[in-house]
Protein chains: 2
Amino acid sequence: MTTKTEAKASEVPAQAAGAIPVPRLDQQLCFALYSASGLMTRVYRPLLAPLGLTYPQYLVMLALWERAPSIVGDLGEALGLDSATLTPLLKRMEAGGLVTRRRDPADERRVLVEPTAKGQALRGAMKDVQDGLACGVPLRPAEVKALHATLTQLVAGLREATADDRPTKTDGAVSDKDKL
Amino acid sequence: MTTKTEAKASEVPAQAAGAIPVPRLDQQLCFALYSASGLMTRVYRPLLAPLGLTYPQYLVMLALWERAPSIVGDLGEALGLDSATLTPLLKRMEAGGLVTRRRDPADERRVLVEPTAKGQALRGAMKDVQDGLACGVPLRPAEVKALHATLTQLVAGLREATADDRPTKTDGAVSDKDKL
DNA sequence: TCCATTTATATCGTACACGATTATTTAGTA
DNA sequence: TACTAAATAATCGTGTACGATATAAATGGA
């Protein structure tokens, strides 16, 4: 590797060697998303901790309040997480007395997850969580709405994109489109 | 458990007991952010893996390309991470030959972080990463711009909010405003 | 029926992420 | 000077995350 570390300046249009233009942190959409997401969970933390919930666990409860019992795979689909993340997370929630886990008698591969009475009781505390949240978010309702709409569109598109070019990896010869 | 799990219907305006309204997953801004952020790093992963970078490590490189050497605290300020996260992350990057870490001779408390030649060489690969990214993001430039602007505002506000009510926790008696 | 395939979850190893604590160095002050 | 306080990283314990692999149950033919 004698010629790689020192890039030939002649190949860069109008920049001196060593000054190759690089995306700036504060211009990166992904970093804005990364920061915003991290900060939101940081705002949630003190509100959820008294309830014995982490933020991902809170998301699981939201999913279960919408539909219970749910199987692990459906929770993963709803939250964008896989079993490697959900299985230990659900075990912690089970240990905390918030949910129950049991094999589906009709299909022993599946695991049914369901809130306990204690888990159901947490519904009553959600109003306070939402109120606490609203105070920390410095956006007007219209902005929140627009932001949410754009993000929803982005998420839908990304989900499609990431699911597409991942058939099984065994069909080695993909079209010339997999570079995009 | 005779009176708790079954909420008195008279206390809830217009909802049946056990049907306390709870925020829906697909209406939560925080969940949209959480999903979008996770999906973006998922899009980045296959682009960065060949370079020997994870997504947070990529962010560190972006920060270092803007200013090097940087001390750990400044990197943490720029990225919103603390030393508990950065120290092991930087050690891994050092082990990978991407950065160097050394105590500041002028102030032995500080640790100076700097890209190696190998780390600098990665700048040349960033164009491909950005190109690969653009193909995966299903938004028009105007939408990206608006989204980024709103997120930047949100991040700024949240940073302020989370930094504020965390004086030292030792002044136990805070005003009646800390509930907000 | 038998077996390859698919489906569903669990497990393992690695890498963030953070609150709390510790250790070391510097700065400030009596 | 000596001594406290502040600043700075590192460390520890716990909890996500995910790729890769393993295990077991159901399914679909030959």
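Residue numbers begin at 1 in each chain, while the letters A, B, ... track the order of the sequences. Scope of the values below: all heavy atoms of this structure, side chains included, with no hydrogens, waters or symmetry mates.
Rounded to whole Å, the distance from CE on A/M40 to P on C/dC18 is 15 Å. Between the OH atom of B/Y58 and the P atom of C/dC16 there is a distance of 16 Å, given to the nearest Å. What separates CG of B/D82 from P of D/dG15 is a distance of 17 Å, to the nearest Å. Taking atom CD on A/E108 and atom P on D/dA26, their separation rounds to 6 Å, with Å as the unit. Rounded to an integer number of Å, the gap from CG of A/L59 to C1' of D/dT16 is 12 Å. Between the C1' atom of D/dA9 and the CG atom of B/D104 lies a distance of 13 Å, rounded to the nearest Å. Note: CG (A/L90) to C1' (C/dT9) measures 11 Å, nearest angstrom. Atom-to-atom, OH of B/Y55 to P of D/dC18 comes out at 14 Å; the value is rounded to the nearest Å.
Using a 4.0 Å cut-off between charged side-chain N and carboxylate O, B/R159 and B/E77 make a salt bridge.
With hydrogens and angles ignored, a donor-acceptor pair closer than 3.5 Å exists between the side chain of A/R109 and the base of C/dT7. One N or O donor and one acceptor, one from the side chain of B/S83 and one from the base of D/dA10, sit under 3.5 Å apart.
The side chain of B/D107 approaches C/dT26 more closely than any other nucleotide in the set D/dA9, D/dC18, C/dT26. Proximity note for B/R110 (side chain, C-beta onward) versus D/dA10, C/dC16, D/dT8: the nearest is D/dT8. Proximity note for B/R103 (side chain, C-beta onward) versus C/dA15, D/dA9, C/dG19: the nearest is D/dA9. Residue B/R101 places its side chain closer to D/dA10 than to any other of C/dC16, D/dA10, D/dG19. Comparing D/dG19, C/dA10, D/dG15 by their nearest atom to the side chain of A/T54 picks out D/dG15. Of the candidates C/dA15, D/dG15, C/dA17, C/dA17 carries the atom nearest the B/L81 side chain, counting heavy atoms from C-beta on.
Hydrophobic clustering, with ILVMFWY side chains joined whenever heavy atoms are under 4.5 angstrom apart, keeps A/V111 apart from A/I71.
Between the side chain of A/S70 and the main chain of A/L75, no donor-acceptor pair closer than 3.5 Å is present. A donor-acceptor pair is defined here as one N or O able to donate and one able to accept, closer than 3.5 Å; such a pair exists between the side chain of B/R103 and the backbone of B/R109.
For C/dC18, the OP1/OP2 oxygens have a side-chain nitrogen or oxygen of A/R42 closer than 4.0 Å. Between D/dT14 and A/K91, no contact under 4.0 Å exists linking OP1 or OP2 to a side-chain N or O.
Looking at heavy-atom distances under 4.0 Å, B/R45 makes contact with sugar-phosphate atoms alone, never a base.
With the nearest nucleotide of DNA chain C identified for both A/Y34 and A/T87, A/T87 has the one nearer the 5' end.
Test A/L59, A/V155, A/L151, A/L62 against B/F31 for side chain to side chain contact (heavy atoms under 4.5 Å, CB included) and you get one pass: A/L59.
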